[in-house]
Amino acid sequence: MDTKGIIENKLRAYGQEQLLTFWDELSDEQKAFLEAEINRVDFEQIQRLFEHRNDVPESSQMAYRCSEPVSFRLSDLRERVDSPPFPNSQYDPYEAREIGEGMLRHGRIAAAVVAGGQGTRLDFPHAKGFYPIGPLSNASLFQIHVERIRAVARKYNTRIPFLIQTSPATHDETITFFREHKNFGLPDEDVLIFCQGTMPSVRFEDGKIFLREKWEVAKSPDGHGGFLACANAPAPDAWSEKSREEGVLADMESRGIEEIFYFQIDNPIIDIASPEFIGYHMLSRSEFSSQVVRKVHPKDRVGNMVMVDGRLHVIEYSDLPDDAGARRKPDGSLEIWAGSIAVHMMNVKFLRAKANLAGSLPFHIAKKKVPFVVTSPEEGAPVGTHIKPESPNAIKFEKFIFDLLPQANNPIVVEIDASTGFAPLKNHDRVPTDNPTTTRAGLSNLYKLWLNNMGIQLADGVIVEVSPLFANSAAELRDRLLAEGMWPKDNLITESVYWHE
Ligand code: UTP
């Protein structure tokens, strides 16, 4: 039997013969490429996942028997200059902060960003990390994150390695971007770029795997939870030998890193490696801690963090039954209140143990827009046409990092105020929320908050942007303005200004 016949037999068993639609017109090179693509697909897994696509997630039932997680509230020590900290029940915020600072000083903390998403909702032709988000500077998301990391490292006279998860959609250009910008000032050995895995995308109606090109399977990154596997595998393009040979987690262990501060690329106001957050995580002996915001409405589009049978779980907003989500406590506040903002502290040993266990993370399904090549006239266009769909047409299979939570010991949540740490960039400006305008406003509001807190007002329409290297907290900003004789006259700023080094 010829190659085509052998592949056809294999595909027929799973109803995926459409992948060979264009075989006869492909060059030898393209045929070899497609054959390798097909050999990499686990058809049984795809079939199983598709068959179970409509299963009601177990987590929706949990909403009826859950309780509140162990929680702390960040006392805003970073934003407020003088006011007393928020009283936490169990641990003193100053003690937490001291412990976090100690971890930083001793070089025990790394920062990790997941930046492998395709950012389809943003409608931007590059990796989301390149998006120019600084309200006055147009600094990219990557630049702002690196400046925050450098600011913290400088303050504690330490090094904070920066782990950057990419995907085939973002990998090469991310490497080039960092090279071109000289890593925005970080040394090469502290920038660890590694690429996550992919999963084939299938048609929503019948589970047929799409072709992206006539010789190429349509694939998408396997979710932010892909982090677990790819951080534990050799990272061939990393700029550190240990990462290249054994993976970034092994590299972190050998550098004495014990905990990873994990965040998403789209949130430029995040307080990276907040000592107080690190401190609560350490004091609680938690293996996995998460920042949350207090939900205002039952249907707020954030994952809901709840305790079930002594374990912390996330119920996605789409899985939260209306009646359970609307339940209120006697004081009128929501019972299910803790909304995840995907900022975590994760213990390195815990991650390594889980990464070595097959199946630590299940796949979820996401309905998304996936461009494809038409393989049958029934698809409404001539065979061979490239289609860029206007609405979601495909299922992507994704792993979520927070599925590790129920496996973690002593998990905690730490509440923050969204205005001080959460302004995600998800959508283009035609959508009213989480778009470039709201995220830029989130950045300038943070700096305005710092200034107001020290008694400085902004005239109408004035925007202040602060590079983290100029000041990374209200207290640092106050000290810098005083030390450099820049305190505004009459405590009033009348013109927009970008303060940077
Ligand atoms: P989102 O779920 O917001 O997805 O990712 P996205 O890809 O950025 O955007 P859309 O949905 O296509 O519009 C949340 C975070 O997880 C990362 C993203 O880069 C972002 O930081 N992510 C997502 C990955 O690293 N890998 C993935 O496979 C998916």
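Because the structure is predicted, anything quoted here is derived from the model rather than measured. As the structure lists them, so they are numbered: ligands from 1, and atoms in each ligand from 1.
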**OP:** Examine Arg179 relative to Trp239 and say whether NZ or CZ is less than 6.0 Å from the centre of the six-membered ring and inside a 45° cone about the ring axis.
**Re:** yes

Original post:
Which ligand 1 atoms are under 4.0 Å away from a heavy-atom of Lys426?
Top reply: 1 (P), 3 (O), 14 (C)

Original post:
Quick one: nearest non-hydrogen protein atom to atom 26 (N) of ligand 1, plus distance?
Top reply: Gln196 OE1, 2.7 Å

Original post:
Heavy-atom contacts under 4.0 Å between His224 and ligand 1: side chain, backbone, both, or neither?
Top reply: both

Subject >> Lys NZ or Arg CZ of Lys299 over Tyr317 ring: under 6.0 Å, within 45° >> reply: no

Original post:
Only one of Leu186, Asn183, Ile272 clears side-chain contact (heavy atoms from CB on, under 4.5 Å) with Val146; which?
Top reply: Leu186

Original post:
How about Pro411 and Glu287: do any of their side-chain heavy atoms sit closer than 4.5 Å?
Top reply: no

Original post:
Between Ser220 and Phe397, is a side-chain contact (heavy atoms from CB on, under 4.5 Å) present by the stated rule, with each step listed?
Top reply: CA-CA 8 Å; Ser220 48; Phe397 299 107; over 6 Å; no

**OP:** Among all protein heavy atoms, pick out the one at the shortest distance from atom 13 (O) of ligand 1; state its residue, atom name and that distance to 0.1 Å.
**Re:** Arg121 N, 2.7 Å

Subject >> Min N/O separation Glu398 to ligand 1 under 3.5 Å >> reply: no

**OP:** May I ask you to check whether Asn410 and Ser284 show a side-chain donor-acceptor distance below 3.5 Å?
**Re:** no

**OP:** Give the residue and atom name of whichever protein heavy atom lies nearest to atom 8 (O) of ligand 1, and the separation in Å to one decimal.
**Re:** Lys128 NZ, 3.3 Å

**OP:** Of the side chain and backbone of Ala115, name the one, both, or neither that has a heavy atom under 4.0 Å from an atom of ligand 1.
**Re:** backbone

Subject >> Modelled atom types, side-chain donor and acceptor of Ser137 and Glu465, under 3.5 Å >> reply: yes

Original post:
Which heavy atom of the protein is the closest neighbour of atom 19 (O) of ligand 1, given with residue, atom name and distance?
Top reply: Gly117 N, 2.9 Å

Subject >> Ring centres under 6.0 angstrom apart (Phe184, Phe177) >> reply: yes

Original post:
Which residue from Gln264, Lys368, Lys396 reaches closest to atom 14 (C) of ligand 1 through any of its heavy atoms?
Top reply: Gln264

**OP:** Give the numbers and elements of all ligand 1 atoms closer than 4.0 Å to a heavy atom of Gly223.
**Re:** 26 (N), 27 (C), 28 (O), 29 (C)

Subject >> atom 17 (C) of ligand 1 [closest protein heavy-atom partner, distance rounded to 0.1 Å] >> reply: Val114 O, 3.7 Å

**OP:** For Pro221, take its heavy atoms, then give the atoms of ligand 1 lying under 4.0 Å from any of them.
**Re:** 27 (C), 28 (O)

Original post:
Are side-chain heavy atoms of Glu173 and His126 found at a separation under 4.5 Å?
Top reply: yes

Subject >> Ligand-side contact atoms (ligand 1) for residue partner Gln165, heavy atom cut-off under 4.0 Å >> reply: 24 (C), 25 (O), 26 (N)

**OP:** Quick one: look up the protein heavy atom nearest atom 25 (O) of ligand 1 and list residue, atom name and how far away it is.
**Re:** Gly116 N, 2.8 Å

**OP:** Please work out which of the three classes, parallel, tilted or perpendicular, describes the rings of Phe400 and Phe402, given edges at 30° and 60°.
**Re:** tilted

Subject >> Minimum-distance protein heavy atom relative to atom 6 (P) of ligand 1 >> reply: Gly119 N, 3.6 Å

